[in-house]
Trainee: 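Before we start, here is the structure in question, set down as structure tokens.
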Amino acid sequence: MLKTRFTELLGIQHPIVQGGMQWVGRAELASAVSNAGGLGILTGLTQPTPQALKDEIARCRQMTAKPFGVNLTILPSLKPIPHDEYAQAIIDSDIKIVETAGSNPAKYIGMFKQAGVKVLHKCTAVRHALTAERHGADVISIDGFECAGHPGEDDVPNQILIPACVDKVKIPVIASGGFADGRGLAMALAMGAEGINMGTRFMATKEAPIHANVKQKIAEAGERDTALIFRSLRNTSRVFKNKIAEEVVRIEREKGPAMKIDDVAHLVSGARGRTVYEEGDTDLGIWSAGMVVGLIHDVPSCQELVSRIVREAEEIIRGRLEKMIA
Ligand code: NAD
């Protein structure tokens with residue numbers, strides 16, 4: 001067992017979180033991770049309405065008696081999103097753990113704290129971590145440049161970002177981006193983090209509610225198989241390097257700083273990306289993946305995965321590292 005301030009604060013067995021993932025963070029996955037002793041998280045905006053999110057929370061409760069959380073991400077979107085109503089649905093459902101992400105968390109952290117909810121704020125820069133801490137976040141999930149989805153605009157990888165963040169904030173920090181195995185967990189703990197957050201690794205599990213072809217693609221991919229899009233929009237996003245991603249990168253190069261979201265909206269929409277997970281053609285749309293695809297080679301159950309990562313980390317800490325001390 002690995003006990004940290006983070007596991008104690010949230011009442012979970014293992015310091016492993018399954019972070020928010022658009023179209024992937026549904027009850028099947030969140031409950032499987034929580035049942036395995038980690039922290040499963042439902043992705044709020046995957047549900048089409050706040051009421052649908054309430055229903056999904058109720059469904060997840062039928063699948064696990066363990067704690068799980070809900071992710072609320074605030075980022076630019078093609079259609080307006082009623083974030084306040086989603087936040088209220090989370091509070092009304094008596095959820096006690098929320099992962100906020102994206103810009104301007106102050107309002108939502110305030111809303112959640114008032115309702116007695118513990119907030120993990122996921123961010124990509126130390127200065128944003130300090131802001132979230134000041135506004136009352138309970139945990140920082142610091143997300144390195146390796147990560148899937150939105151790595152921010154500073155391009156600082158976790159080898160620097162984790163210790164830089166831990167040195168500045170007082171609340172527990174968990175490390176996000178680039179984690180898939182016990183080596184990563186041991187590294188994060190050695191750097192002062194108190195847990196890890198994984199997304200892409202949990203996509204390639206038996207319980208992830210996505211097409212088997214996507215899981216297979218992740219298991220076969222190498223560390224160079226991701227691409228960065230939306231750089232010119234200052235909403236950088238790391239996605240799997242497929243035909244659509246290459247087309248978006250080509251358009252971005254061609255248009256330069258003059259590129260507008262409308263130039264690529266037909267290619268990048270979340271609705272289109274969703275069909276990848278449903279139909280299993282990995283070239284149909286954009287889908288998020290981290291560089292860590294290069295470290296993922298199998299499709300285990302969440303229970304097998306979480307147990308294996310903790311066992312490996314313990315073996316590294318107690319076995320390999322301790323024996324090096326002369
Ligand atoms: P969408 O169809 O609204 O947009 C597709 C992509 O384009 C998203 O990455 C979005 O951030 C980006 N985008 C849209 N309008 C933009 C603009 N004006 N400028 C720059 N970039 C723009 O996205 P969706 O898949 O329906 O998701 C809805 C929301 O959830 C988006 O804000 C998205 O970023 C966010 N999201 C959440 C998670 C998560 O883990 N919770 C993961 C990915 C995306």
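Order of appearance sets the numbers: ligands from 1, and atoms from 1 within every ligand. Just so you know, residue 1 is the first one in the sequence shown, and it goes up from there.
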Trainee: For A289 versus T226, what's the shortest heavy-atom pair and its separation?
Mentor: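 Taking A289 first and T226 second, the nearest heavy atoms are O-CG2, 3.6 Å.
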Trainee: In the protein, what heavy atom is nearest to atom 4 (O) of ligand 1, and what distance, to one decimal place, separates them?
Mentor: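 Sorting protein heavy atoms by distance from atom 4 (O) of ligand 1 puts L78 CG, 3.7 Å first.
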Trainee: For atom 35 (C) of ligand 1, what is the closest protein heavy atom, and at what distance to 0.1 Å?
Mentor: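 Answer, as residue, atom name and distance: T73 CG2, 4.2 Å.
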Trainee: Could you list the atoms of ligand 1 found under 4.0 angstrom from a heavy atom of G20?
Mentor: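 Numbered from 1, ligand 1 contributes 40 (O).
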Trainee: Is ligand 1 under 4.0 Å from a heavy atom in the side chain of R274, in the backbone, in both, or in neither?
Mentor: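 It is neither; nothing of R274 touches ligand 1.
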Trainee: One residue to check: Q22. Relative to ligand 1, which of side chain, backbone, both or neither has a non-hydrogen atom less than 4.0 Å away?
Mentor: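 Contact part for Q22 vs ligand 1: both backbone and side chain.
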Trainee: In terms of atom number and element, which parts of ligand 1 are under 4.0 angstrom from non-hydrogen atoms of V268?
Mentor: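 Counting atoms of ligand 1 from 1, those under 4.0 Å from V268 are 5 (C).
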Trainee: Name the one of Q303, R311, E304 that satisfies side chain to side chain donor-acceptor pair (under 3.5 Å) with S307?
Mentor: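 Single side chain to side chain donor-acceptor pair (under 3.5 Å) partner of S307 among Q303, R311, E304: Q303.
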Trainee: What about N71: any of its N or O atoms under 3.5 Å from an N or O on ligand 1?
Mentor: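 Among all N and O atoms of N71, at least one is under 3.5 Å from an N or O of ligand 1.
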Trainee: Check this for me - ligand 1, F230, N or O atoms closer than 3.5 angstrom, yes or no?
Mentor: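 There is no such contact.
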Trainee: Do ligand 1 and P76 have nitrogen or oxygen atoms that lie under 3.5 Å from each other?
Mentor: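 Checking ligand 1 against P76, an N or O pair does fall under 3.5 Å apart.
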Trainee: Out of S77, S232, G25, indicate the one that has the non-hydrogen atom closest to atom 15 (N) of ligand 1.
Mentor: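 Shortest heavy-atom distance from atom 15 (N) of ligand 1: S77.
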Trainee: One residue to check: N235. Relative to ligand 1, which of side chain, backbone, both or neither has a non-hydrogen atom less than 4.0 Å away?
Mentor: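 The answer is the side chain.
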Trainee: Which atoms of ligand 1 sit under 4.0 Å from any heavy atom of H150?
Mentor: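 Those of ligand 1 that fall under 4.0 Å from H150 are 9 (O), 11 (O), 34 (O).
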Trainee: Does a sphere of radius 6.0 Å around CZ in R308 hold more than 12 heavy atoms from other residues, nucleotides or ligands, not counting ones at 6.0 Å or beyond?
Mentor: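 Atom CZ in R308 is packed in, count exceeds 12.
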Trainee: Hey, are D181 and R183 close enough for a salt bridge, meaning a charged N less than 4.0 Å from a carboxylate O?
Mentor: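 Between R183 and D181 there is a salt bridge, with a charged N closer than 4.0 Å to a carboxylate O.
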Trainee: Take Q159 and M187 through the side chain to side chain contact (heavy atoms under 4.5 Å, CB included) test and state the conclusion after the steps.
Mentor: CA-CA 9 Å; Q159 199 180 339; M187 180 203 86; 5.8 Å; no
Trainee: Say whether S269, considering both its backbone and side-chain N or O atoms, lies within less than 3.5 Å of an N or O atom on ligand 1.
Mentor: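 It does not: no N or O of S269 is found under 3.5 Å from an N or O of ligand 1.
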Trainee: With a 4.0 Å heavy-atom cut-off (strictly under), which part of I81 contacts ligand 1: side chain, backbone, both or neither?
Mentor: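 Within the 4.0 Å criterion, I81 contacts ligand 1 through side-chain atoms alone.
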Trainee: Side chain or backbone, does L75 bring an N or O within less than 3.5 Å of an N or O on ligand 1?
Mentor: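 Yes; the residue has a nitrogen or oxygen that sits under 3.5 Å from a nitrogen or oxygen of the ligand.
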Trainee: Got a donor-acceptor contact below 3.5 angstrom from the T131 side chain to the R127 backbone?
Mentor: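 Confirmed, T131 side chain pairs with R127 backbone.
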Trainee: Out of V173, V156, N197, which one pairs with I142 under the side-chain contact (heavy atoms from CB on, under 4.5 Å) rule?
Mentor: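 Result for side-chain contact (heavy atoms from CB on, under 4.5 Å) with I142: V173.
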Trainee: Of the options V24, V239, I218, which is the one that meets W287 in a side-chain contact (heavy atoms from CB on, under 4.5 Å)?
Mentor: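 Of all the options given, the one that passes is I218.
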Trainee: Does the side chain to side chain contact (heavy atoms under 4.5 Å, CB included) test come out yes or no for R238 and F145, once each step is laid out?
Mentor: CA-CA 9 Å; R238 188 182 296 285; F145 184 54; 3.7 Å; yes
Trainee: Checking a contact table here: which protein heavy atom is nearest atom 25 (O) of ligand 1, and how many Å away?
Mentor: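 Going by distance alone, atom 25 (O) of ligand 1 is nearest to G270 CA, 3.1 Å.
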Trainee: Checking contacts here: is it the side chain or the backbone of I261 that comes within 4.0 Å of ligand 1, counting heavy atoms only? Could be both or neither.
Mentor: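 Only the side chain of I261 comes within reach of ligand 1.
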Trainee: Would I16 and F202 count as a side chain to side chain contact (heavy atoms under 4.5 Å, CB included) if you check the C-alpha gap in whole Å, the side-chain angles of each, and the deciding distance to 0.1 Å?
Mentor: CA-CA 11 Å; I16 298 178; F202 279 119; 3.9 Å; yes
Trainee: Determine, stepwise, if the pair L72 / L45 fulfils side chain to side chain contact (heavy atoms under 4.5 Å, CB included).
Mentor: CA-CA 7 Å; L72 185 66; L45 301 184; 4.2 Å; yes
Trainee: Which of the numbered atoms in ligand 1 are under 4.0 angstrom from any heavy atom belonging to L45?
Mentor: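 Those atoms are 29 (C), 30 (O).
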